[in-house]
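The structure appears below as structure tokens.
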Amino acid sequence: MFDASPDSSLTHLWLPSLIKAQAIMDVGVRLAIRHESAVRGEAPACREQCAGCCSSRHMAATSLEIAGAAWHLKRESSPRSLAALDRLWGNGPDEGGEEGCPLLVDGVCAAYSMRFLSCRQLVVFGRSCSMGEDPFRTRRADVLTPLRTYAFKAYSLLLPHLGVIGMPGSPGEMDALLAGLTQPVRAHGGPVHICAVSGVAGARAA
């Protein structure tokens, strides 16, 4: 169970793992961008306030990441963050569209520093994403290929807090496991505790 309140006594149990996972993912993405930019001879097309991917209905995150975003928004308590929190809880209009990300406010991610791991990995070349575009389906060749070892390490830190017993043995097994642990990033209907999926076995669980 993840309590999104900033003063929660439970926060210290999972927040450091989430922040460390984000840092690991960021390192892997930076290295991948450096390599792929050199190969392609161009920089990524992603720019500040480029929110096309935020309106995609295909973005997904674990309940732990969603709780982390809610924790950040409540702690910030700015008009933008509180508006995003209302949207996350289903109490306000969703700027990203009915199936887009509720954290998008005035074209900006209100929880950018705590953005989801899937968001951190999504980098495109060529041109910025159109509103609602899922570049994995429309132009996979333009999407950055992340370093899977970093993604594996990042998600591994989250699994114990998501009730997973044991660890997957490979990035491919991790992908299969995450398919059951992630959910679309949409309004979640009320300021409730976001619960982990308990008793899920990893590929190497006994």
Side-chain angles (χ1 to χ4, degrees), residues 1-30 33 44-124 128-134 154-155 157-158 161-162 182-196:
M1 178 178 290
F2 311 119
D3 190 340
S5 302
D7 57 350
S8 168
S9 61
L10 297 179
T11 299
H12 72 282
L13 298 176
W14 56 268
L15 188 58
S17 294
L18 176 58
I19 292 173
K20 184 175 181 180
Q22 292 168 343
I24 290 173
M25 186 70 80
D26 287 348
V27 170
V29 169
R30 283 197 299 269
I33 289 175
C46 305
R47 297 291 182 268
E48 187 175 354
Q49 295 193 6
C50 171
C53 60
C54 303
S55 62
S56 170
R57 61 188 175 88
H58 300 288
M59 300 304 292
T62 63
S63 57
L64 181 66
E65 296 169 82
I66 294 169
W71 172 87
H72 172 79
L73 294 170
K74 190 168 183 179
R75 183 170 178 267
E76 288 290 299
S77 296
S78 67
R80 174 176 289 163
S81 63
L82 293 178
L85 193 59
D86 277 344
R87 290 172 180 171
L88 185 63
W89 288 341
N91 298 326
D94 184 355
E95 183 177 329
E98 182 178 346
E99 296 188 342
C101 184
L103 303 183
L104 185 66
V105 180
D106 298 329
V108 176
C109 176
Y112 187 78
S113 64
M114 292 293 289
R115 66 194 184 281
F116 309 121
L117 296 181
S118 59
C119 302
R120 292 168 189 270
Q121 294 183 86
L122 181 54
V123 177
V124 299
S128 300
C129 296
S130 303
M131 293 301 292
E133 181 185 8
D134 177 12
Y155 279 110
L157 291 174
L158 306 188
H161 303 286
L162 292 168
T182 56
Q183 56 188 294
V185 182
R186 301 172 188 168
H188 285 269
V192 296
H193 293 193
I194 303 173
C195 297

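Here, residue 1 is the first one in the sequence, and each next residue gets the next number.
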(request) List the atom of L104, the atom of A51, and the distance in Å for their closest heavy-atom pair. (result) CD1-CB, 3.7 Å

(request) Drop me the distance from W14's CH2 to L162's CG, to the nearest 0.5 angstrom. (result) 11.0 Å

(request) Could you grab the distance from atom CG of L157 to atom CE of M25, nearest 0.5 Å is fine? (result) 10.0 Å

(request) Would you check if V123 and V29 make a side-chain contact, meaning some heavy-atom pair closer than 4.5 Å? (result) yes

(message) Measuring from atom CG of L122 to atom SG of C46, what distance do you get when rounded to the nearest 0.5 angstrom?
(response) 6.5 Å

(request) For the residue pair P44 and I33, establish whether any side-chain heavy-atom pair is separated by less than 4.5 Å. (result) yes

(request) For S128, enumerate each residue passing the side-chain hydrogen bond (donor to acceptor under 3.5 Å, both in side chains) test, keeping only those at least two apart in sequence or located in another chain. (result) none

(request) Could you pull out the closest heavy-atom pair between L85 and L73, with the gap in Å? (result) N-CD1, 3.9 Å

(message) Looking at every heavy atom in both R120 and Y112, which two are closest together, and how far apart are they?
(response) NH2-O, 4.1 Å

(message) Distance check, rounded to the nearest 0.5 Å: K74 atom NZ versus L88 atom CG?
(response) 12.5 Å

(message) Using 0.5 Å steps for rounding, measure from the CG atom of D86 to the CG atom of L82.
(response) 7.0 Å

(message) For a 4.5 angstrom cut-off between non-hydrogen side-chain atoms, does R87 reach V105?
(response) yes

(message) To the nearest 0.5 Å, what is the distance between CD on Q22 and OG on S113?
(response) 7.5 Å

(request) Identify the two heavy atoms, one from A111 and one from H72, that lie closest to each other, and give their separation to 0.1 Å. (result) CA-CD2, 3.7 Å

(request) Grab the two heavy atoms, one from I24 and one from A154, that are nearest each other, plus how far apart they are. (result) CG2-N, 4.1 Å

(message) Between T62 and E65, is there a side-chain donor-acceptor contact under 3.5 Å, judged purely by atom types and distance?
(response) yes

(message) So which atom in C50 and which in C129 form the shortest heavy-atom distance, rounded to 0.1 Å?
(response) SG-N, 4.5 Å

(request) Before giving the answer on side chain to side chain contact (heavy atoms under 4.5 Å, CB included), spell out for S63 and Q183 the whole-Å C-alpha distance, their side-chain angles and the decisive distance to 0.1 Å. (result) CA-CA 8 Å; S63 57; Q183 56 188 294; 3.7 Å; yes

(request) Would you kindly say whether H161 and S17 are connected by a side-chain donor-acceptor distance under 3.5 Å? (result) yes

